[in-house]
Amino acid sequence: MAAVAHYWASCAGGLEFALLKELENLEGTSIIPGIDSYGGVQFRTTSAPQKVAELRSADNVYAFLSHHKKIPVDKESGMAFLGSLAGKIDWEPVMQLHRLWQETEEPDSSSGISDPLLTINGMANVEQTHVTPQRSFRVTGNRICKDMKKHGYTSMDAAAAIGDGMHELLGWPADMRSFNVEVLAWIIDDELLLVLALIYSGNKKKTKNLQNVSNINEPCAEVEDVEGSEQVKSTKKKRPAERPSRADAQLYSRRPYRKALVHTSLKPSTAYGLLQLADVQPGDIVLDPMCGCGTIPLEAINWLGTRVMGLAGDFVDTAVEAANINATAGESPGHCDVVRWDASMLPLRTASIDRVICDMPFGNRCGNHKVREVLCPRVVKQVVRVLRPGSGIAVLMAQSKTMKEEIEVNQKAYLNLQKHFYVYMEVKFH
């Protein structure tokens, strides 16, 4: 009988419904309710890591360690509480799950590394002198104050307290850069979620690096780590070991089309949630008129293959270049056209599109706010024009007062607003 593994899967807050739907179809899985402050779902499953890794709507998956409410927020009591957490966790199944994922990710990764359970006091009947500590760890602490003024301790204080407890119990050395176990402590007000990372590297396929781009939407490429890249001539100072990339160590970074990015690239997991909201069906034409690096239509194709057609466009040259790189990566199971256009004057036939899904520009990194307040309503008018009457669906992510007025007032005769809710793209921890 397969062992039951305990996970936390993260996602954009507000899109948990898509993750729950996937987990309901994952064999041997039970949902554990009770954590509402964090975007994600807690669950147990007997499914293999390979199956869990196929979750499209999850940003990432972690081994679940513990969850606490009403934790002390003053420094003295808080440090004592956080320092005691390691002793309250059953590390054996957690590290077995960690090891299983590492063997799945890198079949040879376990060679030369002692069983982590051997270093846990009282868990294994072996002499400590026979164990060579080869496993190092890091604790990353992140805090946010929503409904309270401040904590009596910093994120680094919290991480250090948890790390001290782990070192005392497990005997592992701490290493902030070259580590193979990472524990993450997320604190929101007086609530704590503690998890252990299972993924430490992302898309290992070679990527194209777009050089000499100064635009704020500059595409960046994920660069493959090459063994031996840290070797330098003896006349030069040796660089410290590179720590694993947090951006690469995500489930969504494994998408084969994710070759070139722009600074405001949408997460593929979020794109998948938007596709679920739009109820995309085989035979649909999926349009993103302000596509960035093309994530939304490319996610539709990666999910449904040749049963859908993608159409992506943007006005920014670097975004179009990035989308073209991703669309022509040679691994796409379907087809996506990429066009440079002005989204306020789409060169498309009226009533020709089944689904329009767009993460419209907002925030400081997406140009001038006043320009967006004028541009976005114009784009909505084009969306209304190109959608098929009666069956067409649009899912628009925006942060604009004029957008709301355009949809609910000016286009009321043509659009039926089915749902309006908030999606929390990122929790701003400190």
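Because only heavy atoms are used, hydrogens play no part in the values below, and waters and symmetry mates are left out as well, while side chains stay in.
Taking all atoms of both residues into account, the shortest heavy-atom contact from S253 to R258 is CA-CD, 4.1 Å. Residues I188 and S37 share a closest heavy-atom pair of CD1-O, 3.6 Å. Residues S136 and N180 share a closest heavy-atom pair of O-OD1, 2.8 Å. Looking at every heavy atom in both residues, N302 comes nearest to R255 through OD1-CD, 4.0 Å. Here the closest heavy-atom approach between residue D189 and residue V73 is recorded as O-CG1, 4.1 Å. Of all heavy-atom pairs between L19 and C11, the closest is CD2-SG, 4.1 Å.
Legend: residues meeting salt bridge (charged side-chain N to carboxylate O under 4.0 Å, His left out) with E54, ordered by chain and number and at least two apart, are absent. Here D175 pairs with nothing under the salt bridge (charged side-chain N to carboxylate O under 4.0 Å, His left out) rule; sequence neighbours left out. Checked against ring pair (Phe, Tyr, Trp, His ring centres under 6.0 Å), H167 has no partners two or more places apart in sequence or in another chain. Annotation: side-chain contact (heavy atoms from CB on, under 4.5 Å) contacts of T45 (sequence neighbours excluded): Y7, L26, T29, F43, S47, V52. Annotation: side-chain contact (heavy atoms from CB on, under 4.5 Å) contacts of S344 (sequence neighbours excluded): D342, L375, R378. Every residue meeting the side-chain contact (heavy atoms from CB on, under 4.5 Å) condition with Q42, not counting sequence neighbours, appears here in chain and number order: H6, W8, I32, I35, F64. Remark: E24 engages no residue in a side-chain contact (heavy atoms from CB on, under 4.5 Å) (not counting sequence neighbours). Partners of K75 according to the salt bridge (charged side-chain N to carboxylate O under 4.0 Å, His left out) rule, which considers only residues two or more places apart in sequence or in another chain, are D157. For F137, there are no ring pair (Phe, Tyr, Trp, His ring centres under 6.0 Å) partners two or more places apart in sequence or in a different chain. With sequence neighbours excluded, no residue forms a salt bridge (charged side-chain N to carboxylate O under 4.0 Å, His left out) with R385.
Taking the six-membered ring for Trp and the full ring otherwise, Y62 and W186 have centroids separated by under 6.0 Å. Residues Y272 and W303 bring their aromatic ring centres within 6.0 Å.
Side-chain contact check for L169 versus W91: some heavy-atom pair is nearer than 4.5 Å. Looking at heavy atoms from C-beta onward, V356 lies out of side-chain contact with V395 at the 4.5 angstrom threshold. Counting only heavy atoms from C-beta outward, the side chains of Y257 and E299 approach each other to under 4.5 Å. Put simply, the side chain of H67 does not reach to within 4.5 Å of the side chain of L192, judged on heavy atoms. Using a 4.5 Å heavy-atom threshold, the side chains of M95 and R99 count as separate. No side-chain heavy atom of K51 sits under 4.5 Å from any side-chain heavy atom of E27. Considering only heavy atoms from C-beta on, I187 comes within 4.5 Å of H151 through its side chain. Looking at heavy atoms from C-beta onward, H68 lies in side-chain contact with L85 at the 4.5 angstrom threshold.
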Could you give the side-chain donor-acceptor pairs of residues 285-292 under 3.5 Å, partners two or more places apart or in another chain?
from: D288; atom 1: OD1; to: M290; atom 2: N; distance (Å): 3.1

Name each donor-acceptor pair under 3.5 Å that joins a side chain in residues 413-421 to protein atoms two or more places apart or in another chain, with its distance.
none

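Here K267 pairs with D59 in a salt bridge; the nearest charged N to carboxylate O distance falls below 4.0 Å. A salt bridge does not link K70 with D190: every distance from a Lys NZ or Arg NE/NH1/NH2 to an Asp or Glu carboxylate oxygen is 4.0 Å or more.
Here S269 contributes atom OG and L251 contributes atom CG; the two are 8.5 Å apart, rounded to the nearest 0.5 Å. Atom CG of N326 sits about 8.0 Å away from atom OG of S265, to the nearest 0.5 Å. The structure places CD1 of I353 at 14.0 Å from CD1 of I393, a figure rounded to the nearest 0.5 Å. Interatomic distance, CD of E182 versus CG of L196, reported as 8.5 Å (0.5 Å rounding). Between the NE2 atom in H98 and the CD atom in E103 there is a gap of 11.0 Å [rounded to 0.5 Å]. Distance CG/L275 to CD/Q281: 11.5 Å, rounded to 0.5 Å.
For the pair E22 (side chain) and S57 (backbone), a donor-acceptor distance under 3.5 Å is present. Between the side chain of Q102 and the main chain of L198, a donor-acceptor pair closer than 3.5 Å is present. Proximity of a side-chain donor or acceptor of S84 to a complementary backbone N or O of F81 within less than 3.5 Å is detected. In this structure, D164 contributes its side chain and A161 its backbone to no donor-acceptor pair below 3.5 Å.
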Next on the checklist: Please evaluate residues L266 and L274 with respect to the criterion side-chain contact (heavy atoms from CB on, under 4.5 Å), reporting the C-alpha separation (whole Å), side-chain torsions for both, the decisive distance (0.1 Å), and the verdict.
Outcome noted: CA-CA 11 Å; L266 188 69; L274 300 181; 4.1 Å; yes
Next on the checklist: Checking D317 against R340 for the salt bridge (Lys or Arg N to Asp or Glu O under 4.0 Å) test, could you report, in this order, the C-alpha distance in whole Å, the side-chain angles of both residues, the deciding distance, and whether it holds?
Outcome noted: CA-CA 7 Å; D317 288 333; R340 185 184 185 278; 2.6 Å; yes
Item to check | Working for side-chain contact (heavy atoms from CB on, under 4.5 Å), residues L396 and V380 | outcome: CA-CA 9 Å; L396 306 175; V380 172; 4.2 Å; yes
Next on the checklist: Checking K412 against I407 for the side-chain contact (heavy atoms from CB on, under 4.5 Å) test, could you report, in this order, the C-alpha distance in whole Å, the side-chain angles of both residues, the deciding distance, and whether it holds?
Outcome noted: CA-CA 6 Å; K412 186 176 181 180; I407 293 172; over 6 Å; no
Checklist entry - Does the side chain to side chain donor-acceptor pair (under 3.5 Å) test come out yes or no for S155 and R143, once each step is laid out? => result CA-CA 6 Å; S155 297; R143 301 173 304 109; 3.2 Å; yes
Next on the checklist: Go through it in stages, so that I can follow the logic: the residues are V195 and L193, the test is side-chain contact (heavy atoms from CB on, under 4.5 Å), and I'd like the CA-CA distance, side-chain angles, deciding distance and then a yes or no.
Outcome noted: CA-CA 7 Å; V195 298; L193 177 61; 4.1 Å; yes
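Sparse packing is recorded around CD of E76, with 12 or fewer heavy atoms of other residues, nucleotides or ligands lying under 6.0 Å away. Counting heavy atoms of neighbouring residues, nucleotides and ligands inside a 6.0 Å radius, atom CE of M148 exceeds 12 of them.
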